[in-house]
2 protein chains.
Amino acid sequence: MSTAPDREAWGLMLELLFSHHRPRVWGIAAEFDLAPMQMFALKALEPGRELPMSALAGSLHCDASNVTGIVDRLESRGLIERRSSPEDRRVKMIAVTEEGQRLREQIAARMSEPPPPIAKLALQDQRELRDIMARALRS
Amino acid sequence: MSTAPDREAWGLMLELLFSHHRPRVWGIAAEFDLAPMQMFALKALEPGRELPMSALAGSLHCDASNVTGIVDRLESRGLIERRSSPEDRRVKMIAVTEEGQRLREQIAARMSEPPPPIAKLALQDQRELRDIMARALRS
DNA sequence: CCAAACTGCTTGAGGTTTGCAACTATCGAG
DNA sequence: CTCGATAGTTGCAAACCTCAAGCAGTTTGG
């Protein structure tokens with residue numbers, strides 16, 4: 001009757017996700033007066049490494065036409081900047097502003113706080129979990 | 001220089017989430033011609049256990065006014081049913097139909113398939129991951 | 001008993017995200 | 001230089017989100 005362990009593990013991860021992560025994302029985004037996708041976009045833009053719209057779209061797993069609106073809203077708040085690339089005048093490079101960087105760091109700090117179920121694990125379990133996840137993502 | 005292990009573990013889980021889970025949810029929902037929230041709502045409705053709108057809203061972590069629309073769309077496709085409660089005529093009990101049950105099972109089967117990074121883990125890691133997650137959620 | 005407060009659900013407005021298709025500007029190859 | 005590909009934008013329709021207001025039904029307190 002025992003299901004495959006990977007299915008069980010994944011099912012439990014989904015449960016954690018849905019019950020804790022989803023509400024948290026909305027909550028944290030609301031703290032900074034951002035919509036979730038705007039927050040993710042900001043998080044995807046590392047300071048000093050400008051990205052073309054298309055790359056940002058890929059990183060957000062959504063259509064390019066979508067990114068236009070998200071970037072519009074972030075730009076109108078002065079958190080990012082559109083710069084036209086000197087090499088190819090079709091592409092717009094997106095870069096975080098100083099103010100965007102500050103917000104970005106606050107967001108990263110809040111997002112990286114583990115939800116209670118993870119935080120309350122025994123230290124040994126936390127280390128094991130970290131190592132397993134690292135192995136999973138490395139491959 | 002080493003961050004707390006729970007933060008690192010959580011950071012890695014977020015990465016898995018964002019890069020694999022998010023696109024998958026949209027993909028699976030699209031397979032069944034549903035929007036993500038409609039899929040989650042269907043998943044939340046166990047056969048034989050009708051739920052009032054308010055409970056469904058709680059389970060989906062969103063506003064009750066929201067659920068009205070989601071339930072409308074599912075009902076118009078014959079996947080669920082609104083029944084008025086005999087005890088309190090204000091509340092509408094939501095129940096899955098036979099057809100909804102069939103779809104629900106297919107969705108559950110697809111959702112429980114672990115993404116490649118988890119599926120490719122060594123069996124021992126999968127078991128360990130399952131056990132750690134179980135301990136996390138039990139508390 | 002009955003008016004007032006409350007509760008469960010719906011409706012409406014305003015904003016964000018989503019994909020698709022059409023469009024403009026630009027680039028690159030022949 | 002012309003043709004086809006590419007980067008980004010715009011417009012559209014649908015879904016989802018919150019908040020505020022409304023309506024029906026229930027409960028409570030004088």
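In the text below, chain A, chain B and the rest are named by the order of the sequence lines, each starting its count at 1. Computed from heavy atoms alone, side chains included, the values below leave out hydrogens, waters and symmetry copies.
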**Prompt:** Is the closest side-chain heavy-atom distance between I94(A) and E81(A) below 4.5 Å?
**Reply:** no

**Asked** Counting only side-chain N and O atoms of R89(B), is one of them less than 4.0 Å from OP1 or OP2 of dT26(D)?
**Response** yes

**Prompt:** Is a donor on one side and an acceptor on the other found under 3.5 Å between the side chain of S85(A) and the backbone of V91(A)?
**Reply:** no

**Whole-Å distance separating the CE atom of M39(A) from the P atom of dT16(C)** = 15 Å

**Item:** Ion pair check, R102(A) and E105(A), cut-off under 4.0 Å
**Value:** no

**Prompt:** Taking OP1 and OP2 of dT18(C), is either one under 4.0 Å from a side-chain nitrogen or oxygen of N66(A)?
**Reply:** yes

**Asked** Toward the 5' end of DNA chain D, which comes first, C62(B) or V91(A), by nearest nucleotide?
**Response** V91(A)

**Request:** Please determine if a side-chain N or O atom of S65(A) lies less than 4.0 Å away from the OP1 or OP2 oxygen of dT18(C).
**Result:** no

**Fill in**
Taking dG25(D), dT16(C), dC9(C) as options, the one with an atom nearest any side-chain atom of D88(B) is dG25(D)

**Item:** 5' precedence on DNA chain D between H61(B) and P86(B) (nearest-nucleotide basis)
**Value:** H61(B)

**Request:** Taking only the side-chain heavy atoms of S54(B) (C-beta and beyond), determine which of dT17(C), dC9(C), dT18(C) contains the nearest atom.
**Result:** dC9(C)

**Fill in**
In whole angstroms, the gap separating C1' of dG25(D) from NZ of K92(B) amounts to 12 Å

**Asked** Does L45(B) offer a backbone N or O that forms a donor-acceptor pair with the side chain of R104(B) under 3.5 Å?
**Response** yes

**Prompt:** Taking only N and O in the side chain of R90(B), is any of them less than 4.0 Å away from OP1 or OP2 of dC23(D)?
**Reply:** no

**Asked** Which nucleotide in the set dT18(C), dA15(D), dC9(C) lies at the smallest distance from any side-chain heavy atom of I70(A)?
**Response** dT18(C)

**Prompt:** Rounded to whole angstrom units, what separation is found between the CD atom of E31(B) and the P atom of dG19(C)?
**Reply:** 15 Å

**Asked** M37(A) CE to dC16(D) C1': how many Å, rounded?
**Response** 14 Å

**Message:** For a quick test of reading the model: is some side-chain N or O of R22(A) closer than 4.0 Å to OP1 or OP2 of dC17(D)?
**Reply:** yes

**Message:** Rounding to an integer number of Å, can you tell me how far W26(B) CH2 sits from dA15(D) P?
**Reply:** 10 Å

**Message:** Using only atom types and a distance under 3.5 Å, with no angle test, would you say the side chain of R7(A) pairs donor to acceptor with the backbone of A109(B)?
**Reply:** yes

**Request:** May I ask you to say what R73(B) touches in the nucleic acid, namely base, sugar-phosphate or nothing, with a heavy-atom cut-off under 4.0 Å?
**Result:** sugar-phosphate

**Whole-Å gap separating C1' (dG8(C)) and CD (E50(B))** = 16 Å

**Prompt:** Looking at the side chain of D63(A), which of dT26(C), dC20(C), dT9(D) is the nearest nucleotide?
**Reply:** dC20(C)

**Prompt:** Is any side-chain N or O of R82(B) closer than 4.0 Å to OP1 or OP2 of dT10(C)?
**Reply:** yes

**Asked** Looking at the side chain of M53(B), which of dT10(C), dC17(D), dA15(D) is the nearest nucleotide?
**Response** dT10(C)

**Item:** Side chains of M39(B) and M111(B) in contact at under 4.5 Å (non-hydrogen atoms)
**Value:** yes

**Item:** Integer-rounded Å distance: dA7(D) C1' and R83(A) CZ
**Value:** 19 Å

**Message:** Quick check: on DNA chain C, is the nucleotide nearest E87(A) upstream (toward 5') of the one nearest V67(B), or the reverse? Name the residue that is more 5'.
**Reply:** V67(B)

**Asked** In whole angstrom, what separates M93(A)'s CE from dA7(D)'s P?
**Response** 12 Å

